[in-house]
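Heads up: the structure comes next, in structure tokens.
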Amino acid sequence: MRTTDFHLVTRKETPQDAEIISHQLMIRTGMIRKLGAGLYTWAPLGLRVLQKVEQIIREEMNASGALEMLMPAVQPKELWEETGRIEDFGGQLLAIHDRAQRDYFFGPTHEEVITDFVRNEINSYKQLPINFYQIQTKFRDEIRPRFGVMRSREFIMKDAYSFHLTQDSLAVTYQKMHQAYTNIINRIGLEFRCVLADSGAIGGSGSQEFHVIADSGEDAIMYSDTGDYAANLEKCEAVSLLNERAAPTAALQKVATPEQKTIEAVASFLQVDKTSTVKTLLVEGTEQPVALVLRGDHTLNEVKAGNLAVVASPLRMLNEAEIKATAGCDAGSIGVKDLHCLIVVDQTVANMSDFVCGANEEGHHYTGVNWDRDATYDLVKDIRDAQVGEPSPDGVGTLQMARGIEVGHIFQLGNKYSKAMNAVVLNEQGKSQAMEMGCYGMGVTRMVAAAIEQNHDDKGIIWPANIAPFSVAILPMNYQKSQRVKQAADQLYAELTALGIEVILDDRKVRPGFMMSDFELLGIPHQVIIGDRALDNDEVEYRHRVDMQSQNISRDTIKSFLSGQIKA
RNA sequence: CGGGGUAUAGCGCAGCCUGGUAGCGCAACUGCUUUGGGAGCAGUGGGUCGGGAGUUCGAAUCUCUCUACCCCGACCA
């Protein structure tokens, strides 16, 4: 490709509304342009990258035995009524209607469509297991789209759905998908981590997320420094930090703590460590208000709390008036003694003794509080965030934290959808049985942004070799005037192209500095600079985008040199 | 959805307070010079000032209203 035949529009200045580096660089290179909130056009340059990611995904999915198909983006509302997920998805669903006023949704996901397809196509256990996938545009009306294609409303996702007679069969395919995802991200060339995950609104039993490691990642992932354990912070088990409860040594005492409303303030006012205090949070329950009790220095894990049967989902903290009605005081003085609601304590809290808590009375706290003697609780649950430095839940090593960008999520769904939609097969006994189901998503557009987040410097993008829009950039100095530069550049271009290498030759009439800066921004891995200076010695100059060290290479060997570099 | 903000040329912005018929930088186009790190000079094109209504002799500017977009929060396979 010659730049004059291509569409190359770069910008020197960082766009105003782009917060994260990948968004900035995608705009500056001209890969994408914004059409509206969370809506992006992929220009030819961006599409080249997107299609490479797509192709790697396709090849690995095919290799795993999955079968590609394509489902409609627009889905009849009736299908969603069958599974009752309209409520779950709520405002994220883009509702549309046709000229006859029939209701549709623009698909945010395709469990309903595939299950409908399968219940009509698959009747016998002999047709199982089977794994269908598609690469399709989806739309989720995010409350707040941001970060360019990282969290856009319209996006491309690869989604796969597998169907099985038994859970064992499901587990086998799930493992295959785990392997396929590992292969995909390795081939794309990104550093990633697979972690245990909460299955959220989509339901099901086991699930794992694949995260590309990047400081700008929206998710916190916890992992053992010496073991294999890794989990999303949402899911990461927080062990009890106290093995057993010590016997009470202090007497219960009510103390005045005027104006001390936070754990920080109370601990410093009473001259105690935050670890000897507890905090009590009131949330909406399924039947009555629920108190969630944590050690003072711990933070509530809203996902874990929201998953408790006694807590309303989604989790909602009580407002000021409700707190007053339940505890008789404001939020700064709630405590567990004489608190009349359902009390759920964290595992660590259950083993605390001689602790400090609010007195359910404005400006007062208790010290020397002890369970059983002074207060009781109803349930012990893991409801806090795990913290860096505490023991890994599997007992191997201690926990560390990293930021990650979720690019893939695999689930063992079980029969939630197949039962709801009556997707059954006859088993060997001739009995009707709901199929077991798995689903496996991977964000294609997001993967491109994640790749940039992980691979850039202050000059621009540094594309991993397998997804770079072009492998080699030929940058001729003074192409317009110097006949031998033009001749050398054209010749190399023709030769590399003949070898099947994707080359871009910059034949624009621009100054050298401009050209070089442009290609640093674009991040093409291999750059060949052709100028009169080196041609005097029958050489050209080579630079790799990663280190930008230049070396002169003779014109005779540059072809084989590049071939070697590209294969390596 | 709650709070805050913005909307003027492709991009980034000034002008608005104090009403008088729109400007700067970058980009684009033409010419000349320059040619190994985002060139210089000269010139050119491009704007229903987000939409609608109102006040006024006159509105980018004042008032009302609608819309879009951005930020923070909550939300989030």
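Letters go in sequence order (proteins before strands), and every chain restarts at 1. All of these numbers come straight from a predicted model, not from anything done at the bench. Side-chain atoms are counted along with the backbone in the values below, which use heavy atoms only and exclude waters and symmetry mates.
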Task: P spacing across the pair B/C13 / B/A7, given as an integer number of angstrom - done: 9 Å

Task: Pairing nucleotide - B/C41, Watson-Crick or G-U, each distance under 3.5 Å - done: B/G31

Task: Aromatic ring pairing A/Tyr440/A/Tyr174, orientation class (parallel under 30°, perpendicular over 60°, tilted between) - done: tilted

Task: N or O in side chain of A/Gln16 less than 4.0 angstrom from B/C71 OP1/OP2 - done: no

- [ ] In whole angstrom, give me the gap between the C1' atoms of B/C16 and B/G73.
- [x] 32 Å

- [ ] Step by step, work out the salt bridge (charged side-chain N to carboxylate O under 4.0 Å, His left out) result for A/Arg11 and A/Asp518.
- [x] CA-CA 9 Å; A/Arg11 284 180 194 163; A/Asp518 244 7; over 6 Å; no

Task: C1' spacing across the pair B/G38 / B/A22, given as an integer number of angstrom - done: 30 Å

Task: Euclidean distance, atom CZ of residue A/Phe147 to atom C1' of B/C70 [Å, nearest integer] - done: 12 Å

Open item on the list: Could you tell me if A/Tyr417 and A/Arg85 have a donor-acceptor pair between their side chains, going purely by distance under 3.5 Å?
Closed with: yes

Open item on the list: Rounded to whole Å, how long is the line connecting atom CE of A/Met317 with atom C1' of B/A74?
Closed with: 12 Å

Open item on the list: Under 3.5 Å for both donor-acceptor distances, Watson-Crick or wobble: does B/C64 have a partner, and if so which one?
Closed with: B/G52

TODO: Please state whether the base of B/C76 and the side chain of A/Arg151 form at least one donor-acceptor pair under 3.5 Å?
DONE: yes

- [ ] May I ask you to say what A/Pro15 touches in the nucleic acid, namely base, sugar-phosphate or nothing, with a heavy-atom cut-off under 4.0 Å?
- [x] nothing

Task: P gap between B/U67 and B/A28, integer Å - done: 38 Å

- [ ] Between protein and nucleotides 35-41 of chain B, map the contacts as a letter string: B base, S sugar-phosphate only, - none, heavy atoms under 4.0 Å, written 5' to 3'.
- [x] BBBBB--

Open item on the list: Just the rounded figure in Å: distance from C1' of B/A28 to CD of A/Glu13.
Closed with: 15 Å

Open item on the list: Would you say that more than 12 heavy atoms from the other residues, nucleotides or ligands in this model lie under 6.0 Å from the CD of A/Gln487, or not?
Closed with: yes

- [ ] Go through B/C70, B/C76, B/G12 for me and flag the one nearest to the A/Lys34 side chain.
- [x] B/C70

Open item on the list: How many whole angstroms separate atom CG of A/Asp17 from atom C1' of B/G5?
Closed with: 14 Å

- [ ] Please report, rounded to the nearest Å, how far the P atom of B/C32 is from the CD atom of A/Gln480.
- [x] 14 Å

TODO: Quick one: label A/Glu19 by what it contacts on the DNA or RNA (base, sugar-phosphate, nothing), any heavy atom closer than 4.0 Å.
DONE: sugar-phosphate

Task: Ring centroid separation A/Phe89 to A/Trp80 under 6.0 Å - done: yes

Open item on the list: Both distances below 3.5 Å, Watson-Crick or wobble geometry, any strand: find the nucleotide opposite B/G2.
Closed with: B/C72

Task: Inter-nucleotide C1' distance (B/G43, B/U65), Å rounded - done: 45 Å

TODO: May I have the distance from A/Asp198 (atom CG) to B/C76 (atom P), rounded to whole angstrom?
DONE: 10 Å

Open item on the list: In whole Å, I'd like the distance from the CG atom of A/Leu8 to the P atom of B/A28.
Closed with: 12 Å

Open item on the list: Without decimals, in angstroms, what is the distance between A/Leu35 CG and B/C70 P?
Closed with: 12 Å

- [ ] Please state whether the rings of A/Tyr542 and A/His544 are parallel, tilted or perpendicular, taking 30° and 60° as the class boundaries.
- [x] tilted

Task: Under the salt bridge (Lys or Arg N to Asp or Glu O under 4.0 Å) test, residues paired with A/Glu264 that sit two or more places apart - done: A/Lys274

- [ ] Please find out if less than 6.0 Å separates the ring center of A/Tyr161 from that of A/Phe132.
- [x] no

Open item on the list: If you assign A/Pro145 and A/Glu302 each to the RNA chain B nucleotide with the nearest heavy atom, which residue ends up on the more 5' nucleotide?
Closed with: A/Pro145

TODO: Look through every strand shown and name the nucleotide pairing with B/G25 as Watson-Crick or G-U wobble, where both distances are under 3.5 Å.
DONE: B/C11

- [ ] Give none if B/G47 has no partner; otherwise give the nucleotide forming a Watson-Crick or G-U wobble pair with it, both distances under 3.5 Å.
- [x] none

Task: Partner residues of A/Arg446 under the salt bridge (Lys or Arg N to Asp or Glu O under 4.0 Å) criterion, sequence neighbours left out - done: none

Task: Nearest-Å distance once atom C1' is located in both B/G4 and B/G45 - done: 39 Å

Task: Whole-angstrom distance between B/G19 and B/C76, as gauged at atom C1' - done: 48 Å

Task: Nearest-Å distance once atom C1' is located in both B/A53 and B/G46 - done: 30 Å

